Amino acid sequence: MSDRHLSHLPVVKAPDAIWDSIEASLRNPPPAGRPWRWNLRVWIPATAVLLVVGLWTLSRSHRTRWEVVRTNGAQQTHTETIGPGEWLQTDSHSSAEMQVGAIGTVEIEPGTRLRVIATRPNENRLSLQHGEIAATISAPPKLFFVETKSATAVDLGCQYRMKVDDSGNGLLRVTRGWVSFEWQGRESLVPAGASCRTRAGAGPGTPFFEDAPGSLTAALDAFDFSGGKAGGNDAALNTILADARPRDTLTLWHLLSRVDERQRALVYDRMVSFAPPPSGVAREKALALDPQTLKVWKDELAWTW
Amino acid sequence: MRKKSPTPLILLTLLIAPAWAQQLSLTIGNAVAAQTYRTKNMQFVFRVNGCADLSKAQVNAAAEGIVGDARRTTPLHLIPGQPAGVYAINPEWGNDGKWVVAISTTCLNETAGAIVPVVGIGFIRESTQLLPHAPSQSEIEAALKAFTQPAH
């Protein structure tokens, strides 16, 4: 609208009531807390609703159930589901296959009893009381765990079989990838082609390749689980060192941190007799069990495993 | 005259391979050597050593096999890993017959190669040949002829 048109509009006086209300507002401004109270009236219920929905979703995810297909011989008998806290048992003639969410499967051999502990997206956990399972997991590391009385198998992207008896004595055999076998701060890293025993009260032993000489694996059994008899320990270690092949640096690398200082130098010397240590691995640091040094060495040795 | 087995020489070559760090060479390892779950289903992995600029390295691999009486060649797609210079070999040649993987790499003016017999879900370390040149056709044929499954 132009100024010319505006000039033709009549001037009308505003009603007094408008000025009264404006003045009243200026005399009594609205209290500063008022928008806050309004905000709280909206946000508190909204937060509560979000909290309830979140908790409900979380509890639902904890209750995610896995499908189990039971078979008797070659015959599929029925399908069921299993959730956290529930047990699954097979008799001497039956077996089962369990889907571990979307990340893999667990075959449950005859004569096995296990319990599902957690079915969360970031933690899938079983407890194997006795029997044998074969796990195939396709997921990033540390999403799938199998506890036993003497060790926990932590999946690092792998395929493996594990057998354990009621007392917790057992054997882990890895066919693809890596498994970390852990108990009370003790860790055995087991790559494809290798095995690791575990014993009640002692935890996981030292891993060894399945094609290792029988004399080495027998000596390793004595070394790991003989109860720490010094003389026997020395004899067993001497056999291990004498019978080790280049590939058995897997075993020797683990032994570095499981022997006393006197024995550690012998293990180190035997390892470097197979291949010189890579750059970044100094003798004194390796003997001092410097974690970074040991990791660099392990990563290089893995090319021979 | 019966030729002596090359196994001890090959084993020695494998063991001292890292010592050639300045020369272009290859190191062959099982899938676990790559230290990542992504390669766990790979046939094997290998690493290019001694290349000052890995972005300029060229790497090629092919599966060479005999299935029945037929000679087969399958170019392979390499899967790059971490760190740079590590590659994984995906088994793309089927389950039948006997196969070796021939690898060649060039970096600046150097060339290196390897002939890797494969079996099951791995490779036969004892029969693996690390070469200071690209594998020749006659070397590949000889490796296939000498291929024997390892005793279990």
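Bear in mind that the values here come from a model prediction, so they are computed numbers and not experimental data. Each chain gets a letter, A, B and so on, in the order its sequence line appears, and its residues count up from 1.
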What are the two closest non-hydrogen atoms of B:A33 and A:A302, and how far apart are they?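 The answer is CB-O, 3.5 Å.
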Over all atoms of both residues, closest heavy-atom pair of A:G157 and B:Y37: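 Heavy atoms of A:G157 and B:Y37 come nearest at CA-CB, 3.6 Å.
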Would the number of heavy atoms belonging to other residues, nucleotides or ligands and lying under 6.0 Å from [atom1] of [X] be above 12?
X: A:R125; atom1: CZ; answer: yes
X: A:K285; atom1: NZ; answer: no
X: A:R173; atom1: CZ; answer: no
X: A:E210; atom1: CD; answer: yes
X: A:N122; atom1: CG; answer: yes

Contacting moiety of A:P140, where chain B heavy atoms sit under 4.5 Å: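 Both the backbone and the side chain of A:P140 come within 4.5 Å of chain B.
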Quick check for you: to the nearest 0.5 Å, what is the distance between B:N30 atom CG and A:W303 atom CH2?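 Interatomic distance, B:N30 CG to A:W303 CH2, rounded to 0.5 Å: 10.0 Å.
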State the CG-OG1 distance between A:L156 and B:T36, to the nearest 0.5 angstrom.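 Here the interatomic distance stands at 10.5 Å.
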Ignoring hydrogens and geometry, is there a side-chain-to-backbone donor-acceptor pair from A:R176 to B:M42 under 3.5 Å?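 Checked: no pair found.
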Backbone N or O of B:V32 within a donor-acceptor pair of the A:W178 side chain at under 3.5 Å?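 At least one qualifying donor-acceptor pair exists.
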Would you say the side chain of B:I121 lies within less than 4.5 Å of the side chain of A:Q159, judging by non-hydrogen atoms?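 They are not in contact (no side-chain heavy atoms under 4.5 Å apart), so the answer is no.
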Would you call A:K295 and B:Q35 a side-chain contact if the rule is heavy atoms closer than 4.5 Å?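 Side chain of A:K295 against side chain of B:Q35, heavy atoms only: no contact under 4.5 Å found.
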Best-contacting candidate, A:S138, A:C158, A:S279, against chain B by heavy atom pairs under 4.5 angstrom: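 Maximum pair count with chain B is reached by A:C158.
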Heavy atom to heavy atom, less than 4.5 Å: which residues from residues 188-197 of chain A reach chain B?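 Within residues 188-197 of chain A, the residues that come under 4.5 Å of chain B (heavy atoms only) are A:P191, A:A192.
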